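Remarks on the structure that follows.
Reckoned from all heavy atoms, side chains included, excluding hydrogens, waters and symmetry mates. What you see is a predicted model; the values in this text were computed from it and never measured.
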Amino acid sequence: MSSTRTTHSTRIRYARYVALGDSQTEGVGDGDDKTGLRGWADRLAEQLAHHDTGLRYANLAVRGRLAEQVRTEQLAPALALRPDLATVVAGVNDLLRPRFDADEVAGHLEAAFAALTAQGARVATMTFPDVGRVAPLARPLAPRVVALNARIREAARRHGVAVADIEAHPAATDPRLWSTDRLHTSPLGHARIAAAVAHALGLPGSDDTWTHPLPAPDRPAASGWRAGAAELRWAATFLGPWAVRRLRGRSSGDGRTAKRPTLLPVHHN
C-alpha cells in the first residue's frame, strides 16, 4: 500500500485514487458530454489533491453498467492500477430492472470490496436514497432500495469499507439536488455526494453539513394538477425513452468506455 502517514497526523495520505461505478460516478448530471463531465468522484479527487498534491486519479465508471458489469469489467483494471483509495458505487441500474436480487447485486459489490481491500486499498461506498421521494412514479422500488442498502452496509462492515450513508438523511431527496431526469444528481447533488464520501473517509475539512437540509425554496412545490402534469412530462421525456432502450436490450453506455482509464494528476479547482 503506497499511502503513508505524516509525523504530525494519523491521517492516511493517498497517492492513487480509482473510482469504479456507473453513470453517477462517471459524473452524468454535472456537466455534459460536450463540455465534459465532472461529478462527485472528480470533486472528491480535487478535494484530496488539496492535501495530497501528488495524487493521481482514474475513473473507470461507465453509465448504464450493472453491478455485475462493474465487477467483471472494472475490477481487474482497477486492481492493476494498485490504488490506495478506491470507491465502488453501483446498483441503481439493477434496481430498475424487472428481475432484481438484492443479495446478488450486493454480492458483486462485496467481491470488489474484498479484492481491493485485500490488496491494501482503503475503500468507500454509499447507500442510495429513496427514489420514490425523487420520482413518485418510482415509489414501488422503495423496498428494493431498503434491501440493497442493508446488504451494502453489511458487506462494507465485513471488509472495513467506509460508507456514506446517504439513505439515512432526508435532505438527499431534495429536488434541487437532482437533475431534470431525476435519475442523476445535479451539480449541487454531486457536490453533496463528494462531501458525504469525504466525511465517511474522515478527510481534512470534512463534516456533516452535507446532511443538512437546503434553505427553504423561494416558491412552493407544485401540487394538484400541476404536479400531475409535471409527472406526465417527466414520464414522456425521460421514463419512456429509458423503457424503450430496456425493451430493445440497449443501454445508455453502449459503445462507451471509461472517461479516465489511467492514473493522471489532478488539477483541482
Side-chain angles (χ1 to χ4, degrees), residues 1-6 8-63 65 70 73-90 112-113 116-117 119-126 161-164 166 177 184-207 209-210 256-269:
M1 182 169 176
S2 62
S3 53
T4 59
R5 296 178 184 270
T6 66
H8 304 290
S9 170
T10 58
R11 186 182 78 83
I12 296 176
R13 306 190 68 85
Y14 299 109
R16 295 187 295 274
Y17 165 38
V18 178
L20 297 80
D22 52 28
S23 58
Q24 202 78 324
T25 300
E26 185 185 351
V28 175
D30 190 6
D32 56 47
D33 289 328
K34 291 183 179 179
T35 61
L37 298 175
R38 191 179 181 193
W40 70 265
D42 287 22
R43 291 170 180 270
L44 179 66
E46 291 162 11
Q47 182 173 345
L48 286 162
H50 277 291
H51 303 280
D52 302 327
T53 55
L55 179 78
R56 292 185 297 154
Y57 159 58
N59 189 319
L60 308 182
V62 178
R63 66 192 68 179
R65 293 303 192 257
V70 170
E73 298 172 9
Q74 300 175 25
L75 180 55
L79 291 168
L81 295 173
R82 301 198 64 81
D84 45 26
L85 174 65
T87 52
V88 182
V89 180
F113 297 165
L116 288 160
T117 55
Q119 190 172 271
R122 177 69 165 133
V123 178
T125 190
M126 67 184 68
V161 169
V163 180
I166 292 172
L177 300 182
H184 303 98
T185 45
S186 64
L188 181 58
H190 277 282
R192 286 228 168 181
I193 294 173
V197 178
H199 187 217
L201 289 168
L203 298 185
S206 64
D207 56 32
T209 55
W210 66 272
R256 291 184 175 270
T257 56
K259 69 175 185 179
R260 194 180 175 106
T262 59
L263 289 163
L264 298 170
V266 177
H267 303 291
H268 56 77
N269 292 339

- CA sep, side-chain torsions, deciding dist, call: Leu81, Arg16, side-chain contact (heavy atoms from CB on, under 4.5 Å): CA-CA 8 Å; Leu81 295 173; Arg16 295 187 295 274; 5.9 Å; no
- Message: Determine whether a donor-acceptor pair (N or O, by modelled atom type, separation under 3.5 Å) exists between the side chain of Thr125 and the backbone of Val88.
- Response: yes
- Message: Using a strict threshold of under 4.0 Å (side-chain N to carboxylate O), is an ion pair present between Asp84 and Arg56?
- Response: no
- Task: Look up atom CG in Leu188 and atom CG in Leu177, then write down how far apart they are to the nearest 0.5 Å.
- Result: 5.0 Å
- Could you give the distance from CG (Asp30) to CD (Gln24), rounded to the nearest 0.5 Å? 9.5 Å
- Message: With rounding to the nearest 0.5 angstrom, report the CH2 to NE2 distance, Trp210 to His199.
- Response: 8.0 Å
- Quick check: does any side chain N or O of Arg43 sit under 3.5 Å from a backbone N or O of Arg192, one acting as donor and the other as acceptor? no
- Task: Decide side-chain contact (heavy atoms from CB on, under 4.5 Å) for Val197 and Thr87; before the verdict, give the C-alpha distance in whole Å, the side-chain angles of both, and the deciding distance to 0.1 Å.
- Result: CA-CA 9 Å; Val197 178; Thr87 52; 4.3 Å; yes
- What's the shortest heavy-atom distance between Val18 and Leu263, and which atoms? CG2-CD2, 4.0 Å
- Of all the heavy-atom pairs spanning Pro187 and Gly29, show the shortest one and how long it is. CD-O, 3.2 Å
- Item | Closest approach of Ala41 to Ala19 (non-hydrogen atoms, all atoms of both residues) | CB-CB, 4.0 Å
- Message: Quick check for you: to the nearest 0.5 Å, what is the distance between Arg260 atom CZ and Asn59 atom CG?
- Response: 8.0 Å
- Message: Could you check whether any side-chain N or O of Thr35 sits under 3.5 Å from a backbone N or O of Gly31, counting only pairs where one atom can act as donor and the other as acceptor?
- Response: no
- Query: Which pair of heavy atoms, one from Ala45 and one from Val266, lies closest together, and at what distance?
  - Reply: O-CG1, 3.8 Å
- Main-chain N/O of Ala61 paired to Thr25 side chain as donor or acceptor, under 3.5 Å: no
- Taking atom CG of Leu85 and atom CG of Leu201, what is their separation to the nearest 0.5 Å? 6.0 Å
- Please report the C-alpha distance between Tyr57 and Asp42 in whole Å, then the side-chain angles of each, then the deciding distance to 0.1 Å, and finally whether the side chain to side chain donor-acceptor pair (under 3.5 Å) criterion is met. CA-CA 8 Å; Tyr57 159 58; Asp42 287 22; 2.5 Å; yes
- Electrostatic pair Glu73-Arg65, nearest N-O below 4.0 angstrom: yes
- Task: Identify the two heavy atoms, one from Tyr14 and one from Leu55, that lie closest to each other, and give their separation to 0.1 Å.
- Result: O-CD1, 3.7 Å
- Ignoring hydrogens and geometry, is there a side-chain-to-backbone donor-acceptor pair from His190 to Trp40 under 3.5 Å? yes
- Message: Are the side chains of Leu75 and Val70 in contact, using a 4.5 Å heavy-atom criterion?
- Response: no
- If you round to the nearest 0.5 Å, how far is CG of Leu44 from CD1 of Ile193? 11.0 Å
- Query: Sub-3.5 Å donor-acceptor pair from the side chain of Glu26 to the main-chain atoms of Arg63, do we have one?
  - Reply: yes
- Message: Does this structure show an ion pair linking Lys259 with Asp33, if we count only N-O contacts that are shorter than 4.0 Å?
- Response: no
- Item | Heavy-atom pair of closest approach, residues Pro83 and Ala78 | CD-O, 3.1 Å
